[in-house]
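These notes are about the structure you will find just below.
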Amino acid sequence: MLLAVASPLAPAQTPPASPAGAAAYDPFSAAAAEKLIGNVEAGVPPQCYTRTGANSNPCWTCHTSRNGRNQTDDWRLQQRYDFSDLGRTNHWTNLFQDRRAAIAGIGDAEALAYIRQDNYAALRPALLAQAGYQGWVPDLDYRQGFDAEGFARDGSDWRAFRYKPFPGTFWPTNGSTDDVLIRLPARFRTDAAGHPSRAVYKANLAILEAAMAVPDTVPDARLSRGIEPIDEAAAGIDLDGDGRIGGSVSRIRGLPAHYAGGGAGEAVLRYDYPQGTEFLHTVRYIDPDAPELMSARFKEVRYAIKRFRLNEQTRQWRYDEEAQERDIGGLPHYSGTSYSGQTNAFGWRLQGYIEDAAGRLRLQSREEQIYCMGCHTGIGVTVDQTFSLPRKVPGAAGWGPQSLAGIQDVPQAGSKEPEILRYLRRVGGGDEFRANAEMLERYFPRGKLDTAKVRRAAPGGKGDIRDLITPSRSRALQLDKAYMLIVREQSFIHGRDALLAPAANVHAQLDNTDTALKASDRVYRDGKLWLDWDALRTNTQRAGH
């Protein structure tokens, strides 16, 4: 399962034929031009090259003890830069570019006009115009929007959900806004007779939410999760454990044995999505005047589908194989091409579109796609290789387009400390690189973390996480401009992080692989993806409400 260094792309990478007289907009141009993969370690993100020193540990968020069905158990990576010989050279050279003069040369009006243009609507017809393309073609019409329950109004059955962003890179203050949608296979959207049923679809999504978002310290029989109101009669399952089927329920107690309706033949497994589950993830610029700061222009459109489900024996074998390859210095391998998408060993196929130099969305090259594969394959914190759904806001409040409004800084499961507060304390900054000067100024006056200020966004406080992770208008526009420059250069294979100045706390070359965190006793094994939403109820009860 090794990928040859700078390997030529497979013959299957031949692009589909273009019709005569095709428009200048060719979404396959970059994928077609790719001949070699220059960075075979592109699945190792730039953040992994952080110069931790003895005091800053951002690594714990991803590399942690095994959880649920995830057997990676990679917390020891906090202690050393465990890269291949090739990986010891940092290929993410955009981290070291000084773009301050170029950023200053872009006016605010120019940046705002750019990020407020829609570059998504043209993608689907451009893809359909290419004969023979077998990759994923976006089928969600964002212009039609979503109804009050988060379902796409275009009838595609995509459903948006709200979630607490994963710490660090995914915060708006560090460069981007984003949203995530989910769609279950067609059989999960029908009743037992095969007729489309929103009631059954909602029941199956609620069951999946309970299966994915409750920490592994809770056994199946004691599982409890607040859900949106579900019609038990439509589901045909006793979801709340009261011994009868009927009425509306807002909590699942005990893990159901199977899904509802047309999905009744599918067993419910903790931390294991059904085959055919899809995710749609868009990454956007920061529009300081838009609702939820989300720009009309998309930086990226990312797609994932679970192509196959592993039995327990095969799953364990795959984890063992991954560990053995790391031990011998092997390089990761993902099957597929840029045109088909990349598939990992655990059944997930990923594919993505990113801006071309003119700002139009184009198919990512294989090397650009590999960038996403590392975090969705071999790190300890993920739940079935995913991040967002296990962090969904519980119940009805969690269904709808992404919004940070009202989300407080709840702790990770098993912790009593608010998650963002813990991140800031352990990292000593507001991002992995400690390059976010605004966060340092806001929350580290005279170099010391102002915990009282950060706690205002935690349960019992009067704020929410917007107070912590929203950039100022000035910073938002600077981040937009920095990324616009990367788009113009088309230099994504050298990094996508919109830094405002060259990174100081990043290794360009690794000769010593010791992070220095073990010697300073700053290695942590408690990072979890799951969140303790019950902390909200506990603090409300303490306040006497």
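Here the structure is a predicted model, which means the values were calculated and not measured. The first residue of the sequence shown is numbered 1, and numbering continues consecutively from there.
Counting heavy atoms from C-beta outward, D272 and D384 have side chains that approach closer than 4.5 Å. Looking only at side-chain heavy atoms (C-beta outward), Y49 and V44 come within less than 4.5 Å of each other. In this structure the side chain of L293 never reaches within 4.5 angstrom of the side chain of R284, judged on heavy atoms. Residues L389 and V180 fail the side-chain proximity criterion, which asks for heavy atoms closer than 4.5 Å. Looking at F433 and D497, their side chains come closer than 4.5 Å, going by heavy atoms from C-beta outward. Between F308 and T343, the closest side-chain pair of non-hydrogen atoms falls below 4.5 Å. Contact of the P165 side chain with the I465 side chain is registered, since non-hydrogen atoms from C-beta on lie closer than 4.5 Å. In this structure, the side chains of R251 and S224 come closer than 4.5 Å at one or more pairs of heavy atoms.
Under a 3.5 Å cut-off, the side chain of K306 and the backbone N or O of Y273 do form a donor-acceptor pair. Under a 3.5 Å cut-off, the side chain of R318 and the backbone N or O of A345 do form a donor-acceptor pair. Of the possible polar contacts, one joining the Q408 side chain to the G461 backbone as a donor-acceptor pair under 3.5 Å is found. Proximity of a side-chain donor or acceptor of T52 to a complementary backbone N or O of T515 within less than 3.5 Å is detected. Counting only distance, with no hydrogens or angles, the side chain of Q342 and the backbone of I370 share no donor-acceptor pair below 3.5 Å. Judged purely by atom type and a 3.5 angstrom limit, D464 uses its side chain to pair as donor or acceptor with the backbone of G406. Side chain of T177 to backbone of Y285: a donor-acceptor contact under 3.5 angstrom is found. In this structure, Q364 contributes its side chain and R302 its backbone to no donor-acceptor pair below 3.5 Å. For T314 (side chain) and N311 (main-chain N/O), no donor-acceptor pair under 3.5 Å exists by modelled atom type. Under a 3.5 Å cut-off, the side chain of R66 and the backbone N or O of G380 do not form any donor-acceptor pair.
Taken to the nearest 0.5 Å, the CD1 atom of I237 stands 5.0 Å off from the NE2 atom of H258. Taking OG1 of T64 as the start and CD1 of I379 as the end, the distance is 10.5 Å to the nearest 0.5 Å. Going from atom NE2 of H281 over to atom CZ of F298 covers 11.0 Å, rounded to the nearest 0.5 Å. With rounding to the nearest 0.5 Å, the separation of CH2 in W75 from CZ in R525 is 4.5 Å. Annotation: the span from S403 atom OG to D179 atom CG amounts to 11.5 Å, rounded to 0.5 Å. L404 CG to L468 CG: the interatomic distance, rounded to the nearest 0.5 Å, is 10.5 Å.
For the pairing with H507, the ring-ring contact (aromatic ring centres under 6.0 Å, His included) check across Y81, F83, F96, W92 returns one residue only, Y81. Between H63 and the options D74, D82, N57, D73, a side chain to side chain donor-acceptor pair (under 3.5 Å) holds for only D74. Looking at F146, W158, Y201, F161 one by one, the single match for ring-ring contact (aromatic ring centres under 6.0 Å, His included) with F151 turns out to be Y201. Test Y371, F387, F346, W348 against H376 for ring-ring contact (aromatic ring centres under 6.0 Å, His included) and you get one pass: F387.
Under a cut-off of 6.0 angstrom, the local environment of CD in Q509 is crowded, with over 12 non-hydrogen atoms contributed by other residues, nucleotides or ligands. Open room surrounds CD on E441; 12 or fewer heavy atoms of other groups in view lie less than 6.0 Å from it.
Closest approach of Y443 to D467, counting heavy atoms only: OH-O, 2.6 Å. Closest heavy-atom contact between D514 and A516: OD1-N, 2.9 Å. Here the shortest heavy-atom pairing between Q402 and E292 reads O-CG, 3.5 Å. Residues E278 and Y303 approach most closely at OE2-OH, 2.6 Å, considering heavy atoms. The minimum heavy-atom distance linking R434 with S56 is given by the pair NH1-OG, 3.0 Å. Closest non-hydrogen pair, P459 versus V410, comes out as CG-CG1, 4.0 Å.
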Working note: V383 + W530, criterion side chain to side chain contact (heavy atoms under 4.5 Å, CB included); need CA distance, chi angles, decisive distance, verdict.
CA-CA 9 Å; V383 175; W530 302 297; 3.7 Å; yes

Test side chain to side chain contact (heavy atoms under 4.5 Å, CB included) applied to E41 and H91, step by step
CA-CA 9 Å; E41 288 274 37; H91 290 78; 5.8 Å; no

I would like to know whether L421 and L449 meet side chain to side chain contact (heavy atoms under 4.5 Å, CB included); could you show each step before the answer?
CA-CA 9 Å; L421 175 60; L449 178 62; 3.8 Å; yes

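Side-chain contact check for S176 and Y483: no donor-acceptor pair (N or O, by modelled atom type) lies under 3.5 Å. When only modelled atom types and interatomic distance are considered, S415 and D526 share no side-chain donor-acceptor pair under 3.5 Å. Side-chain contact of T72 with N70: a donor-acceptor pair under 3.5 Å is present, judged by distance alone.
A salt bridge is absent between D431 and R475: the closest approach of a Lys/Arg side-chain nitrogen to an acidic carboxylate oxygen does not fall below 4.0 angstrom. A salt bridge is absent between D450 and R456; no separation between the charged side-chain nitrogens and carboxylate oxygens falls under 4.0 Å. Look at R473 and D289 and you find a salt bridge, because one of the NZ, NE, NH1 or NH2 atoms lies within 4.0 Å of a carboxylate O, short of that distance. Between D231 and K202, none of the side-chain N atoms (NZ, or NE/NH1/NH2) sits under 4.0 Å from a carboxylate O, so this pair counts as no salt bridge.
For residues 159-174, the pairs satisfying side chain to side chain donor-acceptor pair (under 3.5 Å) are Q47-T169, R159-E228, Y163-D178, K164-D409, K164-E419, T169-E432, T173-N436, N174-N436, with sequence neighbours left out.
Checked against side-chain hydrogen bond (donor to acceptor under 3.5 Å, both in side chains), S472 has the following partners two or more places apart in sequence or in another chain: E438. Remark: D242 engages R244 in a salt bridge (charged side-chain N to carboxylate O under 4.0 Å, His left out) (not counting sequence neighbours). Residues that satisfy the side-chain hydrogen bond (donor to acceptor under 3.5 Å, both in side chains) test with Y524, not counting sequence neighbours, are absent from this structure. Residues that satisfy the salt bridge (charged side-chain N to carboxylate O under 4.0 Å, His left out) test with D238, not counting sequence neighbours, are absent from this structure.
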Return a table of donor-acceptor pairs under 3.5 angstrom between the side chains of residues 206-222 and protein atoms on other chains or two or more places apart.
unit_1, atom_1, unit_2, atom_2, d
E209, OE1, K392, NZ, 3.2
E209, OE2, R225, NE, 3.0
E209, OE2, R225, NH2, 3.0
E209, OE2, K392, NZ, 3.2
E209, OE2, G395, N, 3.3
D216, OD2, G68, N, 2.8
D220, OD1, R270, NH1, 2.7

